[in-house]
Each structure stands twice: as structure tokens, then as C-alpha cells.
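None of the values given here were measured: they were computed from a predicted structure. When a ligand or atom number is given, it counts from 1 through the structure's own listing order.
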Amino acid sequence: MNRREFVRTAGGVAGASAAASATGAAVAQEAEGGDGGSSGGPPDYGDWLSSVSNFDGETVDATGQDSATVEVGTQANGGAFGFGPPAIHVDNGATVQFEWTGEGGRHNVVSDGDGPLDSGDAVETTGVEYEHTFEEDGIYPYYCVPHESLNMKGAIVVGTDYATAGGGSGGEGGGVETLDPEEAGVPIQPHWVGIGAGLAMVVSTIFTFYLLKYGESANTKGGNN
Ligand SMILES: [Cu+2]
């Protein structure tokens, strides 16, 4: 039984309450139109991140945001030689800001191969030294030139070619929101439909109870008279 069938069934059970049925139908329609999510499977980084010590297989979901921050010089790979998070998923058109932590010496951000990322010479600094706005869907591997041999590497996933992590470990670093209005809306609304249907069932049960009780006593009275 999928959600829509559940909503229909719930609507039928709650038939006594016309208001609840109408609400259920409206929400079911909204849920139908709300599926604008990603199309593919999870991103495949090949072996690009396989030796990166702070990559645990999770891609941080930063979709639904105009910008996201990646730390340069995060504690990883035997020192402050990591990007944080090493894998992040953003919308097409989002800007990724690379924020130097000031630790681990001189760093830079350079695409692997002929990608668009190039912060220039490695520098020791703090703050957002470089940012890039992504205009094309895909996976963008990058690294820090002075620390490539230490596996100071990262990857950015852009657009809807790949599935977002979803759920995941939210709140790491505090800067990443995981609420996509479209994707978050779908699971929450059936939740309310369930509560609404349950409420309607309780109300109609009570209504039926009183109908039977007073109907019976009216009949009894009628019989006595
Ligand atoms: Cu570095």
C-alpha cells in the first residue's frame, strides 16, 4: 500500500467527516506534484576519496541553499590537511565558499583534471579566500597541490544527476542545512494526513456511539409510551 492509497483508504474510513476527507484529497494531490527530486543514484567518486581520512562515505546534503561552505585545512589526513566536508552536494547555481582555517600551512583548491576550480597559489590565511559558482551538473574532484600526497582531496556534487544523501548526519559544523522544501514537504504532509485521519476516525466513532446510544434510548422511550 503506498501513501496515496493509504490517504484514499483513510479518507474512506473517515467518510463521516467531510472536512477531513477534503483535506486528505488536497494533500494527496500536493504530494503527487511534489516529486521534483534527484534522478540518479548516489555519486560515485571512483577511488578519488578512498584514502581521504575524513571521508566516511557520506556526502553532505547542502542542496536547497544558495551557498555552502567548505573548510580548507580541516583536521584530517594526519594533520590539518583535509577539506571539510570532503564531499558535499549543492544545487546547480549554488556558490561554494572555501574557508581557510589558518591551520596546516599553505593550501589551495585546484580541480583534478580540467575542472573549473583554481584558487591560485597555495596560501596560509584565514577566511573565505576563494569561491566558485557551479553552473553545470556533475562531480567536481579537487585537491590541495602542496598536500596532494597526504590525500588532501575533496569532491563537490552539483545538480540533480545524483541522489542527495537525505536524512544523513545533519548539523555537522552547523553550517549545513538539510531542509529541501520540496523533499521535506512530501514526508511531512502524509504524516499530518495520518493524524487527521486518526482524529476523524475517533470523532466518527464517538459520533456513532452517541447516535446508537441516544437512538436506542429514544426507541426504548417510544416503546414505553
Ligand atoms: Cu593543503
Notebook entry, point to check: Quick one: ring pair (Phe, Tyr, Trp, His ring centres under 6.0 Å) partners of Tyr142, sequence neighbours excluded?
Noted result: Phe83, Phe98
Notebook entry, point to check: Can you get from Val110 to Val128 by hopping between Ile, Leu, Val, Met, Phe, Trp and Tyr side chains that sit under 4.5 Å apart?
Noted result: no
Item checked: Metal environment of the Cu ion (ligand 1), protein N/O/S under 2.8 Å -> His107 ND1, Cys144 SG, His147 ND1, Met152 SD
Note to self: Using every non-hydrogen atom in the two residues, find where Thr74 and Gly84 come nearest and quote the distance to one decimal.
What the structure shows: OG1-N, 3.3 Å
Margin query: Ignoring hydrogens and geometry beyond distance, is a side-chain donor-acceptor pair present between Thr95 and Ser67 at under 3.5 Å?
Written below: no
Item checked: Between CD1 on residue Ile139 and CG on residue Asp112, distance to nearest 0.5 Å -> 12.5 Å
Notebook entry, point to check: Of the non-hydrogen atoms in Tyr45 and Thr59, which two are nearest, and what is the gap between them?
Noted result: OH-OG1, 2.7 Å
